[in-house]
Structures are given as structure tokens and as C-alpha cells.
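The structure under discussion appears below in the form of C-alpha cells.
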2 protein chains.
Amino acid sequence: MGSGRITIEDVAAAAGVSRQTVTRAMNGLPEISRRTRELVLRTAAELGYRPSRFASNLAARRKTRAVGLVLGSLRNPYYTELAAELLDVVAPRGWHVLMASHEQGDAVELVAALSGQADAIVGYFPGDEAALVAAARGVPLVQMERPATVPGMHAVVLDFDTAIEALLDELRARGARRFGLVELAAPAAGDGAGRYRPTFRRQAYERHAGPDSAAAVVVADESIRGGADGLARLRAAHPDVDTVLVFNDLMAMGAMQQAQLDGVAVPGDLRVVGVDGLSLGAVMTPPLSTLSIDRRALAEEAAGIVGTLLDGGEPPPHPSIVRTVTPRPLWRESA
Amino acid sequence: MGSGRITIEDVAAAAGVSRQTVTRAMNGLPEISRRTRELVLRTAAELGYRPSRFASNLAARRKTRAVGLVLGSLRNPYYTELAAELLDVVAPRGWHVLMASHEQGDAVELVAALSGQADAIVGYFPGDEAALVAAARGVPLVQMERPATVPGMHAVVLDFDTAIEALLDELRARGARRFGLVELAAPAAGDGAGRYRPTFRRQAYERHAGPDSAAAVVVADESIRGGADGLARLRAAHPDVDTVLVFNDLMAMGAMQQAQLDGVAVPGDLRVVGVDGLSLGAVMTPPLSTLSIDRRALAEEAAGIVGTLLDGGEPPPHPSIVRTVTPRPLWRESA
DNA sequence: AGCGTCGCCGTGAACGTTCACGGAACGCGA
DNA sequence: TCGCGTTCCGTGAACGTTCACGGCGACGCT
């Protein structure tokens with residue numbers, strides 16, 4: 001009983017063999033007899049021996065990569081579908097994925113915790129960028145839906161300006177006269193903690209929905225309930241709104257539910273369109289129109305950045321790598 | 001240019017300082033002057049130095065735990081909500097979570113890959129248990145919804161027998177006369193790869209739904225589309241079925257969608273009840289009744305097993321630890 | 001001048017495993 | 001008996017970092 005941990009030497013001593021023989025037994029290597037293998041395995045089990053994965057990986061010069069993924073919430077299908085895509089993208093390369101969400105703590109804490117276990121961290125990081133790269137302790141950060149402004153931080157951003165302009169044009173062609181927006185109360189990709197800052201979606205909306213539409217904005221929580229509540233408030237304050245854009249699909253589902261509750265016909269009385277492009281939107285009644293974000297593309301761009309950062313030339317190519325993905329309208333029946 | 005990797009010594013040499021000074025600079029430790037810290041940081045960046053997390057964790061005697069989580073799919077909210085719960089449960093303990101899903105490969109491969117990076121692996125493992133524990137190379141496995149039959153494998157199981165009996169009783173009280181079941185084609189928790197084996201849900205159904213109901217079973221894929229397709233086939237073959245139990249909520253959503261498409265009133269003409277208890281079921285029209293699985297309890301039991309296994313007395317307490325969770329009906333309007 | 005303190009920096013020795021060897025014991029044919 | 005191959009097993013030396021020291025100037029105080 002040295003200083004706590006049971007090492008390979010303890011097992012070797014107890015079994016009356018050498019280190020190397022224990023290794024052979026544990027890892028199923030050849031050059032060991034059936035008898036001793038079983039002996040070693042048995043005594044290892046009795047002692048409760050558990051190899052140190054750190055020592056093992058170090059000694060074996062294993063180059064296995066792990067990327068941390070920080071999401072807003074695992075209860076929002078958008079994030080989990082993004083996670084699914086990222087897994088699909090990085091699995092062929094043999095990378096592992098460490099998961100974390102904002103529900104577990106401050107982004108800076110999450111990054112700090114992850115930095116010891118991951119070779120790169122991608123995802124949504126609210127908070128001060130400088131603090132984030134400091135917490136990362138040298139492991140590269142790839143931020144989503146927010147441009148990178150400090151070295152060490154990279155990004156894949158969404159071009160909402162282009163996307164929302166096109167979306168609103170088409171909605172007008174379909175008869176929309178008065179727009180409204182259900183905006184996010186505490187932007188996941190925002191800057192300050194707790195402090196509200198208009199999201200890129202809102203900025204694009206206000207730029208393209210007409211001068212009088214900037215007033216028809218309510219903020220709501222990022223949940224089904226929040227979306228329902230938001231729509232109720234929006235309609236109370238602006239009864240003339242005939243087309244509402246909702247921050248994301250989850251909230252849009254809540255909004256549609258609320259509309260149904262209030263006897264408002266969708267899309268007859270009110271056009272509803274979300275953002276995200278969740279497949280679950282298709283099973284709503286009516287199916288939800290949405291500004292679809294190509295999560296596969298997001299994942300691929302992020303993985304691409306990580307790849308060039310990790311496997312690329314020794315010096316980091318550029319201060320910051322930024323790539324862009326443009327959302328596209330997905331017309332279903334709700335608008 | 002030793003043998004590829006840039007080590008701390010390379011940086012030290014390039015900066016004209018010692019190992020320890022580089023460590024101090026990289027980790028923000030005291031006992032170093034401002035000048036040299038910046039010098040070291042700069043040369044480290046130029047060289048593209050990236051500390052080995054394995055060496056670091058080993059030398060620092062860090063005891064950070066990581067648990068692997070193997071799920072069926074990240075596109076099924078049931079799994080991701082379970083993941084969310086597990087994260088919530090283990091985050092306070094400071095554990096990390098490595099994510100993997102069946103979509104990325106065979107469970108045995110996943111376990112083998114994860115075993116090098118995780119201290120324990122929990123989740124859904126189709127396939128031969130012995131092969132799984134072999135692939136785990138000593139790291140404990142906690143299996144969900146399937147009892148453990150070999151040492152090294154532990155489990156948290158679901159008591160569908162009790163739950164489904166109660167469910168069917170209540171459905172009969174509500175007027176159900178003829179039951180049907182949409183069963184899973186390729187059970188995630190099954191035994192063989194590809195080879196069909198009745199799930200515990202089906203076994204319980206057949207035991208309690210009456211002798212004539214065993215025939216009214218169709219198998220379908222684990223997806224919304226699969227559920228829709230399954231219901232269509234079930235109704236074609238058994239038009240007299242007035243109450244259908246669907247393997248999970250995702251498939252049940254598809255079934256409801258199909259019913260609506262076919263002009264079948266739910267619950268008027270057909271009662272539909274799923275399994276899982278997804279919160280998203282509440283936004284369906286009509287809201288989906290379901291046999292709710294307490295994912296928080298599942299996660300807590302799994303984490304509990306891992307905890308006793310890892311922190312417990314040196315010898316593993318028992319050949320196998322098995323804990324049970326009982327699903328409970330969640331009545332909404334679809335039944 | 002002597003002494004203690006403080007700030008900065010460097011040197012062995014871990015940490016727990018795997019890799020590349022080398023070597024003993026045994027069997028077998030010539 | 002010798003030679004040779006097989007099978008099994010053990011011994012340094014890595015792997016790349018952090019920890020616990022110890023050293024060495026500079027400075028201030030008595």
C-alpha cells in the first residue's frame with residue numbers, strides 16, 4: 001500500500017511476475033502462457049487494478065485526438081443534431097468527443113475543465129473571448145455563430161443578413177404585410193453574461209423587415225414555453241402582425257402551440273417561421289417553415305478548422321480562421 | 001527536430017530557459033518575471049508547441065474521471081435527453097463525458113475505442129456481452145435496459161412487465177378492446193447484430209395484452225418514418241385494433257402523423273401511446289400519451305454504479321451490479 | 001560587514017505505462 | 001553432445017510533464 005494507487009508493479013509483485021508480463025496479460029499480447037495470463041488477470045481483478053490511461057497513452061505514444069464540444073443545451077434538438085453531425089464527421093478520423101453544455105456552468109469554467117482533456121474545443125461560448133482563450137490554456141477554440149476577434153479564437157459564422165433578407169422577400173411575396181419577431185432573451189452566443197445584446201438574427205431582421213417592424217419585437221426564453229409566452233405578448237402588443245419570425249424552431253413550436261390555443265389559424269391568420277430546420281418541425285400541425293441551418297456544414301467547417309490547426313504546419317496559419325455558412329429557407333406549411 | 005513532436009524541452013532550448021520555466025509560463029504560475037513569461041509564450045506559439053495532455057495529467061497525478069456514453073442515436077430525443085440527465089448528474093462530481101453512438105460503428109468497436117479514454121462506459125450495447133467486456137479491457141461497463149449476465153458487466157434495467165401491465169389495465173378501463181403493437185425491427189438493446197429478438201417491451205405486451213393480441217404486432221424502423229409505416233401496416237392487417245402501443249415516442253409521433261394522414265381520429269378511432277415520455281410529445285396534436293421512462297433516475301443509477309465501482313473498495317463488490325427503474329404512464333390526450 | 005529575505009530560475013526525481021531488447025528453459029534432430 | 005529454434009519471461013530505457021528542492025544574485029536592515 002504505497003501512496004494510494006494500485007500500479008502495475010503491485011500486480012506484478014502479487015502475482016510473482018514482472019511488469020511486462022502483466023502488460024502482456026492485460027492487453028492480450030502473445031508471448032505469455034495461458035496459465036500465467038489467467039493468474040495475472042485474476043490477481044489484477046482481486047486487487048482492483050485499473051491501468052492509468054494517462055500513463056498508457058503516454059508510453060504508447062498514442063496520438064488519439066479528442067475535441068470538446070460545448071453546447072447551449074442537450075434538451076434543444078438543434079444542439080443535439082449538431083452534435084450528431086459533428087460525431088459523424090469526426091468519427092471516421094478516429095477523434096473522440098467530450099460533451100458539455102451551458103447548463104453545467106459558465107463557459108469559461110467549461111473550457112477550463114475541458115482544456116485538460118481535449119486537443120481542441122468547439123461550440124457556443126458566451127462570454128469574454130479573451131477570458132475564454134486564457135482558460136483554454138493553449139488549446140484552440142472554434143466558436144460558432146460569432147466572429148472571432150482575438151488570436152487563438154477561431155470561428156464558423158452564419159450569414160443571417162443574406163438569409164433573412166431573402167426569407168422576408170419571399171414572405172412578402174406570399175402576402176406578409178406586417179412582421180414581428182420573437183427574439184432570444186439571453187443570447188447563447190452573446191457577449192456579456194446576463195446582459196442582453198441583439199442577436200445577429202435580430203439585427204438582420206431589423207435591417208430588412210422595414211422601418212416600422214423594429215418595434216414589433218419581444219424577447220423570450222429559449223424553450224417551448226418561452227416561445228408560447230413570447231407569441232402571446234407579441235400579439236397582445238401588436239395585433240396587426242401577420243407574420244412572425246421566431247428565434248429558433250423550439251420556440252416556434254411553442255408559438256404555434258399558443259396560436260392554436262388562442263384560436264389563431266396558421267398560416268391563415270398568422271404565418272410562423274422558425275430558425276434551425278429541425279426535422280421534428282415536419283411533424284407539427286401544420287408543419288413548421290424554417291430558416292434551415294446546415295448543421296452538417298457547420299460541423300464540417302469546425303472540424304476542418306480543427307484539422308488544419310492540429311495537423312497543419314507548426315505555426316498556426318493565421319491569427320484567426322473564420323468560415324461562413326448561409327442558412328436557407330425550408331418552406332413547409334406554416335408560412 | 002527530434003522524432004516529430006515538439007516537447008517542452010524544445011521550447012526551453014529555443015527560449016534559452018529551463019523546462020520548469022516553460023511550465024511556469026504556460027500554466028500561469030508565479031516565480032517568473034513578466035519578461036521571460038512573454039518570451040516563453042511567444043516562442044512556444046512560434047514553435048506551435050502543444051503540451052501533451054497525457055504527460056501532464058500523469059505527472060500532475062490528476063484524478064479526473066471520464067465516462068464514456070454509448071447511445072443509439074443522437075437524432076432521437078430520448079437518447080439526448082438521457083445524455084442531458086447524465087451530464088447534469090456527473091458534472092457536479094467533475095466527471096467528463098465522452099460521447100458515441102451506434103451510427104458510428106459496432107458497439108464492440110466503440111467500446112474498444114472508448115476504453116482507452118474513459119474510466120467507465122455506460123449506455124446501450126447491442127452485441128455479445130463477453131465480447132464487450134473483452135473490448136473494454138478492464139474498464140467497467142454499465143448497460144441499460146438489459147440485464148448483465150457476465151462479470152465485468154453491470155446494468156440498470158427497466159421493469160416493463162410491471163409498467164405495461166398497469167398501462168394496459170388502464171387502457172382497458174378507458175375502453176380499449178383490441179391492442180396492437182409497433183415493435184422495433186432491430187433492437188438496440190438486443191443480443192445479436194441484425195438478428196431480431198423480441199424486446200422486453202414486446203414480451204411484456206404479449207404477456208398482458210391478451211392471447212389474441214400477440215398476432216397484432218408489426219416491426220418497424222426506429223424513426224418517425226418507421227413509426228408511420230408501421231402503423232399503416234398494422235391497420236391494414238388488423239383493422240379492428242383500437243389501441244396501439246408504439247415502441248418509442250419518436251415512432252409514435254410518426255404513427256400519429258400517419259393516422260392523421262389516413263383520416264383516423266386520435267384518440268376517437270384509435271388510441272396511441274408511446275414509450276419514453278419525451279417532452280416534445282406534449283406539443284403534438286393531440287398530445288402524446290406515453291409510458292414515461294425516468295431518464296434522470298436512469299442516469300443517477302448508472303452514475304451510482306460507476307461511483308461505487310470506481311471509488312469503492314478495491315475488490316469489485318459483486319460480480320454484477322443491477323438496478324431497476326420502473327416506467328410510469330404519462331396520460332395526455334392521445335389515449 | 002554580516003545576515004536574512006525575496007524574486008527568479010534550474011536540476012534530479014517522480015508519475016505509471018509500453019517498447020526494444022536480452023536471456024533462460026526446453027525440445028528436437030543430427 | 002552440440003546446435004538451433006520456440007516459448008516464455010524479465011530488465012533498462014523511454015514517453016513528456018510536474019513536483020520538491022536548491023541555488024544565486026540583489027536588496028534591505030541592523
Side-chain angles (χ1 to χ4, degrees), chain A residues 1-41 43-44 47-65 115-119 137-139, chain B residues 1-41 43-44 47-65 115-119 137-139:
Chain A
M1 57 187 74
S3 51
R5 181 170 197 117
I6 297 162
T7 78
I8 198 174
E9 308 252 22
D10 297 329
V11 179
V17 297
S18 74
R19 264 186 345 230
Q20 181 63 10
T21 299
V22 177
T23 296
R24 281 190 264 255
M26 296 297 296
N27 297 0
L29 299 176
E31 306 195 12
I32 184 176
S33 74
R34 194 166 190 73
R35 301 179 55 85
T36 50
R37 157 165 291 140
E38 283 163 6
L39 167 67
V40 169
L41 255 30
T43 69
L47 261 51
Y49 168 62
R50 180 169 316 296
S52 157
R53 67 174 192 276
F54 297 131
S56 172
N57 281 305
L58 175 60
R61 289 164 198 73
R62 245 165 253 151
K63 300 281 282 176
T64 143
R65 331 219 90 142
S115 69
Q117 297 275 349
D119 300 298
R137 286 174 161 225
V139 340
Chain B
M1 57 188 75
S3 50
R5 178 166 200 122
I6 298 162
T7 78
I8 199 173
E9 308 251 21
D10 297 329
V11 179
V17 297
S18 74
R19 261 185 350 227
Q20 181 64 9
T21 300
V22 176
T23 296
R24 282 190 265 255
M26 297 297 296
N27 298 0
L29 299 176
E31 307 195 10
I32 184 177
S33 75
R34 193 165 191 72
R35 300 179 55 86
T36 50
R37 155 164 293 140
E38 283 165 5
L39 167 67
V40 169
L41 254 32
T43 68
L47 262 51
Y49 168 60
R50 180 170 317 293
S52 156
R53 65 173 195 276
F54 297 131
S56 172
N57 282 304
L58 174 60
R61 291 163 196 73
R62 246 166 253 151
K63 300 282 280 177
T64 142
R65 331 219 91 141
S115 68
Q117 297 275 348
D119 300 298
R137 286 173 160 223
V139 340

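Hydrogens, waters and symmetry mates play no part in the numbers below; they use all other heavy atoms, side chains included.
Between C/dA13, C/dG16, D/dG10, one nucleotide has an atom nearer to the side chain of B/Arg19 than all others, and that is C/dA13. For B/Asn27, whose side chain is taken as the heavy atoms from C-beta onward, the closest listed nucleotide among C/dG16, C/dT18, D/dT18 is D/dT18. Proximity note for B/Ala59 (side chain, C-beta onward) versus D/dT18, C/dT17, C/dC9: the nearest is D/dT18. Here C/dT17 is the nucleotide among D/dG10, C/dT17, C/dA14 with the atom lying nearest to any side-chain atom of A/Ala55.
Atoms CG (A/Leu29) and P (D/dC8) sit 13 Å apart, rounded to a whole Å. Whole-Å rounding puts the B/Asp10 CG to D/dG16 P distance at 9 Å. Spacing between atom NZ of A/Lys63 and atom C1' of C/dT18 amounts to 17 Å, rounded to whole angstrom units. Atoms CZ (B/Phe54) and P (D/dA14) sit 22 Å apart, rounded to a whole Å. Rounded to a whole Å, the CZ atom of B/Arg53 is 15 Å from the C1' atom of D/dC15. Rounded to an integer number of Å, the gap from B/Glu31 CD to D/dC21 P is 13 Å. For the pair A/Arg62 CZ and D/dG16 C1', the interatomic distance rounds to 15 Å; values are reported in whole Å. One can place CE of B/Met26 at 14 Å from C1' of D/dT18, the figure rounded to the nearest angstrom.
No side-chain heavy atom of A/Tyr49 sits less than 4.5 Å from a side-chain heavy atom of A/Val40. For the pair B/Pro51 and A/Arg137, the minimum side-chain heavy-atom distance is 4.5 Å or more. Using a 4.5 Å heavy-atom threshold, the side chains of B/Leu41 and B/Met26 count as touching. Residues B/Lys63 and A/Arg5 have side chains in contact (heavy-atom distance under 4.5 Å, counting atoms from C-beta outward).
Phosphate contact (OP1/OP2 of D/dT18, side-chain N/O of B/Thr23, threshold under 4.0 Å): present. Regarding contacts with the backbone of C/dG10, a side-chain N or O of B/Ser18 is found under 4.0 angstrom from either OP1 or OP2. Within the structure, a side-chain polar atom (N or O) of B/Thr36 is placed less than 4.0 Å from OP1 or OP2 of C/dC9. Between B/Thr21 and C/dC9 there is no side-chain polar atom (N or O) within less than 4.0 angstrom of OP1 or OP2. Look at B/Ser33 and you'll find a side-chain N or O under 4.0 angstrom from OP1 or OP2 of C/dC9.
The C1' atoms of five pairs define one axis at each end of the helix from C/dA1-D/dT30 to C/dA30-D/dT1, and these two axes lie 50° apart (to 10°).
Contact between A/Val139 and A/Ala118 at its shortest, heavy atoms only, is CG1-O, 4.0 Å. A/Gly116 and B/Asn57 make their closest contact through O-ND2, 3.2 Å (heavy atoms, listed as atom of the first residue, atom of the second, distance).
Summarising the geometry, atom OG belonging to B/Ser52 is positioned 13.0 Å from atom CD1 belonging to B/Ile6; distances are rounded to the nearest 0.5 Å.
Positionally, the nearest nucleotide of DNA chain C for B/Arg34 lies more toward the 5' end than for the other of A/Pro51 and B/Arg34. Mapping B/Leu58 and B/Gly16 onto DNA chain C via the closest heavy atom, the residue that lands nearer the 5' end is B/Gly16.
Not a single donor-acceptor contact under 3.5 angstrom links the side-chain atoms of A/Gln20 to the base of D/dC9. With hydrogens and angles ignored, a donor-acceptor pair under 3.5 angstrom links the side chain of B/Arg24 to the base of C/dG10.
A distance-only check finds no donor-acceptor pair linking the side chain of B/Arg24 to the backbone of B/Val22 [under 3.5 Å].
At the heavy-atom level, B/Ile32 lies under 4.0 Å from the strands shown only through sugar-phosphate atoms. Across all strands, B/Asn57 comes closer than 4.0 Å to no nucleic acid atom at all (heavy-atom distances).
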